[in-house]
K.L.:
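The following block contains the structure, expressed as structure tokens.
Reminder, nothing fancy here: chain letters follow the sequence lines and each chain counts from 1.
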Number of protein chains: 2
Amino acid sequence: MNNQLKLENQICFPVYAFSREMTNLYKPFLDELSLTYPQYLVMLILWEEKQQTVNQLGEKLYLDSGTLTPLLKRMEQKGILTRTRSKTDERVVLICTTEAGEKMQEKAALIPEQLVATLGLSIDELQLLKKIVNKALVRKVLA
Amino acid sequence: MNNQLKLENQICFPVYAFSREMTNLYKPFLDELSLTYPQYLVMLILWEEKQQTVNQLGEKLYLDSGTLTPLLKRMEQKGILTRTRSKTDERVVLICTTEAGEKMQEKAALIPEQLVATLGLSIDELQLLKKIVNKALVRKVLA
DNA sequence: CACAATTATATTGTGCACAACTTATATTTG
DNA sequence: CAAATATAAGTTGTGCACAATATAATTGTG
């Protein structure tokens, strides 16, 4: 059999498996905030910039409205953000954190460090991993 | 704001985004085989070992029956594998490729090389990426 | 200014992923 | 050997992802 077709020789499979494993590692921490991993990513952006359009969130997370609209509606239901049509352009929906959403930031501040500890990778390895993966992602953005 | 909470400082987000990007890059190739990426992974295993239990597939792919059962049923519908209860242990379901499933291997043989070309990463970077990610995954298996 | 093209978001449908639970069979053990 | 336990797969429900399409508002152009 063609060696390149063997599962153990795949490069993408470990990345796919690791990505899922990562969100599992986040789970216990995010459960305390009643957030899923994608929802947590939205909150990270909103904590940096209180107001974002659906489009802006999509560009930063590489997600489209088909994914974001229902996700944001669920977060709105939880009372951690608001969705309002822009007055100046009725096509645009503005996403803002609520007070409850802002308050979650304190608890969330502890997550990154705890997560890195569970990953079992050195700082050097993490930096290298990020660098390589980002290189491939930048190519995508330019495409 | 806590620097570690900034999206650009996250290590897991690039991995998550890259993992999704990867399956998008596979898409044009897998469309020709009418396979999704997880289905392709199942086929990789079956091409190596013609017969596998649902459990064995799950251990190799880190997936449970809740994911695999419907996925395998869809593949059975396509006529590329069979699902049969084991005679010696009625709890076990044996997954085997059909002739049609075996035949797909020829076409699939071209995929790995083409995919690596589209990733835009050097062989060294790919090897390093795999090594780092596998290190984190091995920890999981032992856990 | 009308109308064609573009842009922003929403909707629908399919396929994972995973938690929690169920069902059926096999194994262990008192 | 019967009851308890363990194991294998299936089911149900929720939440992404993403393609394809729809809807509505805005912008560009003749």
K.L.:
Which nucleotide, dC18(D), dG10(D), dC16(D), lies nearest any side-chain atom of R85(B)?
P.N.:
dG10(D)

K.L.:
Counting side-chain heavy atoms from CB outward, which of dC18(D), dA19(C), dA8(C) is closest to N24(A)?
P.N.:
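My answer, after comparing the listed nucleotides, is dA19(C).
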
K.L.:
Checking the side chain of N134(A) only, and the main-chain atoms of L137(A) only, is there a donor and an acceptor separated by less than 3.5 Å?
P.N.:
no

K.L.:
Tell me the interatomic distance from Q52(B), atom CD, to dA8(D), atom P, rounded to whole angstroms.
P.N.:
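After rounding, the reported distance stands at 14 Å.
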
K.L.:
In this structure, how many angstroms lie between the P atom of dC16(C) and the CG atom of L72(B), rounded?
P.N.:
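Between P of dC16(C) and CG of L72(B): 10 Å.
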
K.L.:
In terms of the nearest nucleotide of DNA chain C, which residue is placed more toward the 5' end: E90(B) or Q39(B)?
P.N.:
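Its nearest nucleotide lies further toward 5', so the answer is Q39(B).
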
K.L.:
Side chain of R91(B), base of dT7(D): donor and acceptor closer than 3.5 Å?
P.N.:
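Side chain to base: pair found, below 3.5 Å.
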
K.L.:
Counting only heavy atoms not in K103(A), do more than 12 fall under 6.0 Å of its NZ?
P.N.:
no

K.L.:
Checking the side chain of S19(A) only, and the main-chain atoms of V15(A) only, is there a donor and an acceptor separated by less than 3.5 Å?
P.N.:
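Checking the backbone N and O of V15(A) against the side chain of S19(A), no donor-acceptor pair under 3.5 Å is found.
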
K.L.:
Starting at atom CG of N55(B), determine the distance to atom P of dT25(C), rounded to an integer number of angstrom.
P.N.:
17 Å

K.L.:
Ignoring backbone atoms, test whether K73(B) places a side-chain nitrogen or oxygen under 4.0 Å from the OP1 or OP2 oxygen of dT11(D).
P.N.:
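Indeed, a polar side-chain atom of K73(B) lies that close.
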
K.L.:
Side chain of S65(A): nearest nucleotide among dA10(C), dC16(C), dC18(C)?
P.N.:
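In terms of side-chain proximity for S65(A), the closest of dA10(C), dC16(C), dC18(C) is dA10(C).
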
K.L.:
In whole angstrom, give the distance that lies between atom OH of Y26(A) and atom C1' of dC16(D).
P.N.:
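Taking OH of Y26(A) and C1' of dC16(D), I get 17 Å after rounding.
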
K.L.:
Given atom CG of L68(A) and atom P of dA17(D), what is their separation to the nearest angstrom?
P.N.:
10 Å

K.L.:
Can you measure K27(B) atom NZ to dA20(D) atom C1' for me and round it to whole angstrom units?
P.N.:
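Computing the K27(B):NZ to dA20(D):C1' distance gives 11 Å.
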
K.L.:
Taking only the side-chain heavy atoms of V54(A) (C-beta and beyond), determine which of dA9(D), dT9(C), dG15(C) contains the nearest atom.
P.N.:
dT9(C)

K.L.:
I'd like to know if E49(A) and K60(A) make a salt bridge, using a cut-off of under 4.0 Å between side-chain N and carboxylate O.
P.N.:
yes

K.L.:
So, is T69(B) near the phosphate of dG10(D), with a side-chain N or O under 4.0 Å from OP1 or OP2?
P.N.:
yes

K.L.:
Nearest nucleotide by nearest heavy atom, which residue falls closer to the 5' end of DNA chain D, K78(A) or R20(B)?
P.N.:
K78(A)

K.L.:
Take atom CD1 of I95(B) and atom P of dA8(D), then tell me their distance rounded to the nearest Å.
P.N.:
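Interatomic distance, CD1 of I95(B) to P of dA8(D): 14 Å.
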
K.L.:
Kindly indicate whether the side chain of T36(A) and the base of dG15(D) share any N or O donor-acceptor pair separated by less than 3.5 Å?
P.N.:
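Check fails, no donor-acceptor contact within cut-off.
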
K.L.:
Return no unless some side-chain N or O of Y16(A) is found under 4.0 Å from OP1 or OP2 of dA17(C).
P.N.:
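For dA17(C), OP1 or OP2 has a side-chain N or O of Y16(A) closer than 4.0 Å.
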
K.L.:
Once you apply a heavy-atom cut-off of 4.0 Å, does T23(A) come out as touching a base, just sugar-phosphate, or nothing?
P.N.:
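Nothing: the residue T23(A), judged by heavy atoms under 4.0 Å, touches no strand.
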
K.L.:
Take the protein atom CG of L71(A) and the nucleotide atom C1' of dT11(C), then report the distance between them rounded to whole Å.
P.N.:
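In whole Å, dT11(C) C1' lies 16 Å from L71(A) CG.
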
K.L.:
Can you figure out which of dC16(C), dC16(D), dT9(C) approaches the side chain of T53(A) most closely?
P.N.:
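Minimum distance to the T53(A) side chain belongs to dT9(C).
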
K.L.:
Classify the angle between the aromatic ring planes of Y16(B) and Y37(A) as parallel (below 30°), tilted (30 to 60°) or perpendicular (above 60°).
P.N.:
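Correct class here is perpendicular.
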
K.L.:
Looking at the side chain of L63(A), which of dA9(D), dA17(D), dA17(C) is the nearest nucleotide?
P.N.:
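Looking only at side-chain atoms, L63(A) lies closest to dA17(D).
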
K.L.:
Assuming nearest nucleotide by heavy-atom distance, tell me which of K87(A) and D64(A) is located more 5' along DNA chain D.
P.N.:
D64(A)

K.L.:
Are OP1 or OP2 of dG10(D) and a side-chain N or O of R83(B) less than 4.0 angstrom apart?
P.N.:
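So the side-chain polar atoms of R83(B) do come within 4.0 Å of the phosphate oxygens OP1 or OP2 of dG10(D), strictly under.
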
K.L.:
Return the orientation label for the Y62(A) and F13(B) ring planes: parallel under 30°, perpendicular over 60°, tilted otherwise.
P.N.:
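Ring orientation, 0 to 90° scale: parallel.
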
